[in-house]
Amino acid sequence: MLSISGVTKKYGKTIANDNISFAVGDGQIGILLGPNGAGKSTIIKCITGLLRFTGRIEINGCLNTSQEAKRQLGYIPEIPAVYDLLTVSEHLEFIRRAYKEYDEAYSQRLLERLELWEKRDKLGKELSKGMQQKLSICCALCHKPQVAVFDEPMVGLDPHAIKELKNIFRELKASGVSILISTHMIDSVEDYWDQANIMMNGRFAATMANNGGENQSLEELFFQITEGGAPEGGAAK
């Protein structure tokens, strides 16, 4: 479970996250939506321990800055960060050794599904941006995290990889993993999310639970909030 309580992040006098609280339970998919500059990437970087903040963040009951929490976390950043002089296979070997997780068969399946197995001997600097994004996904998942955080994971992916990643989301959900996805591609998450939070100006403007099609679509709510001037702090049921 991922739990965020009263998180505030300031850059000088600028408030990037203003008292953010939400949770993503086991086997749930939470979505973060919002225009550029809304604070989505900031809260994700707070969750992953890349930024200091006030408030509290827990991963399965452990403070997010603890070693135990980091062991259970998988993070796919908005911009892939691969090692130029490591091959694709060496990237996964490095991650497995760091997390003391040696399921090589699982790592190979990830590479095969994202069409990287034939590229396993290529160096990071030889990969296209799309391939680097695929490698970033594999590195984040090869140690089988219990909480997975994705920041714009589908940017740069080809249609096959997007289809496969959607299947991976569903499989992680079915296995009890807590998943948080920040994205601008609303249609890519429309059919499998559990809860959605729409951010504006560092705060949640609306929170929406998936009631099996009984509520308005995410896209409708998003444009209502971002273009219609709905009041901040609202909730859609």
Side-chain angles (χ1 to χ4, degrees), residues 2 29 31-32 36 40-42 44-51 59 64 67 69-175 177-189 192:
L2 173 64
I29 296 179
I31 305 298
L32 286 178
N36 291 334
K40 304 185 303 298
S41 289
T42 297
I44 284 179
K45 289 177 181 177
C46 289
I47 291 169
T48 57
L50 296 176
L51 292 176
I59 294 173
N64 71 313
Q67 184 175 353
K70 293 179 182 296
R71 188 184 66 81
Q72 299 183 65
L73 178 68
Y75 169 48
I76 293 83
E78 181 178 7
I79 300 174
V82 303
Y83 296 101
D84 286 349
L85 299 180
L86 290 184
T87 67
V88 169
S89 293
E90 288 170 344
H91 274 83
L92 269 65
E93 179 67 13
F94 175 78
I95 297 297
R96 291 199 305 267
R97 287 178 180 271
Y99 285 93
K100 297 181 173 59
E101 168 60 56
Y102 290 92
D103 191 340
E104 294 186 18
Y106 180 69
S107 298
Q108 178 175 334
R109 288 196 299 273
L110 286 173
L111 293 176
E112 290 173 343
R113 294 178 69 173
L114 293 176
E115 298 182 318
L116 283 178
W117 181 245
E118 299 300 324
K119 311 290 185 182
R120 61 188 180 277
D121 294 324
K122 282 189 171 293
L123 297 175
K125 66 180 182 180
E126 297 175 331
L127 301 177
S128 68
K129 289 185 178 179
M131 290 180 185
Q132 289 182 355
Q133 181 73 344
K134 294 178 185 181
L135 178 56
S136 181
I137 293 168
C138 292
C139 286
L141 299 179
C142 69
H143 67 287
K144 298 182 177 179
Q146 292 303 303
V147 174
V149 178
F150 298 81
D151 194 357
E152 297 292 351
M154 298 182 186
V155 173
L157 295 185
D158 56 71
H160 172 82
I162 290 175
K163 176 184 177 182
E164 203 59 52
L165 183 56
K166 289 181 178 180
N167 290 332
I168 290 172
F169 287 154
R170 295 185 179 96
E171 292 165 10
L172 293 173
K173 173 181 169 68
S175 66
V177 175
S178 303
I179 305 165
L180 180 64
I181 306 170
S182 173
T183 184
H184 286 100
M185 301 171 66
I186 301 175
D187 57 344
S188 69
V189 297
Y192 53 79

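Computation of the quantities below employed the complete heavy-atom set of this structure, encompassing side-chain atoms and omitting hydrogens, waters and symmetry-equivalent molecules. In this text, all values refer to a predicted model and were calculated from it rather than measured experimentally.
- Annotation: side chain of F150 is not in contact with side chain of I29 (no heavy-atom distance under 4.5 Å).
- The shortest distance between side-chain heavy atoms of K45 and Y75 falls below 4.5 Å.
- Inter-residue side-chain proximity for K100 and R71 is flagged as unmet; no heavy-atom pair is nearer than 4.5 Å.
- No side-chain donor-acceptor contact under 3.5 Å links D158 to the backbone of G130.
- The minimum heavy-atom distance linking P145 with G74 is given by the pair CB-N, 3.4 Å.
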What donor-acceptor contacts under 3.5 angstrom involve side-chain atoms of residues 82-89, with partners at least two apart or in another chain?
unit_1, atom_1, unit_2, atom_2, d
T87, OG1, E90, N, 3.1
T87, OG1, E90, OE1, 3.4
S89, OG, R120, O, 3.2

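- Side-chain atoms of I44 and E78, non-hydrogen and from C-beta on, never get closer than 4.5 Å to each other.
- In plain terms, the two heavy atoms of D151 and S41 that are nearest each other are OD2-OG, 2.9 Å.
- Ionic pairing of R109 and E112 is not present here: no N-O contact between side-chain nitrogen and carboxylate oxygen is shorter than 4.0 angstrom.
- Across C139 and I95, no two heavy atoms sit closer than the pair O-CG2, 3.4 Å.
- I137 approaches I76 most closely through the heavy-atom pair CA-CG1, 3.9 Å.
- In this structure, the side chains of I181 and P153 come closer than 4.5 Å at one or more pairs of heavy atoms.
- Side-chain contact check for K173 versus Y192: every heavy-atom pair is 4.5 Å or farther apart.
- Checking side-chain atoms of E115 against main-chain N and O of A161 turns up no donor-acceptor pair under 3.5 Å.
- With sequence neighbours left out, the side chain to side chain donor-acceptor pair (under 3.5 Å) criterion links H160 to no other residue.
- With H143 contributing its side chain and L73 its backbone, the two residues share a donor-acceptor pair below 3.5 Å.
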> Given the rule in the side-chain contact (heavy atoms from CB on, under 4.5 Å) test, do M154 and T183 qualify, once you have shown the distances and angles that lead to the verdict?
Replying inline: CA-CA 8 Å; M154 298 182 186; T183 184; 5.8 Å; no

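- In this structure, the side chains of V147 and I47 stay at 4.5 Å or more apart for every pair of heavy atoms.
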> Step by step, would you call I179 with L2 a side-chain contact (heavy atoms from CB on, under 4.5 Å)?
Replying inline: CA-CA 8 Å; I179 305 165; L2 173 64; over 6 Å; no

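- Scanning both residues, K144 and D103, for their nearest heavy atoms gives NZ-OD2, 2.7 Å.
- Remark: E164 does not engage K134 in a salt bridge, criterion side-chain N to carboxylate O under 4.0 Å.
- Contact annotation: the side chain of R170 approaches that of K166 to within less than 4.5 Å [non-hydrogen atoms, C-beta and beyond].
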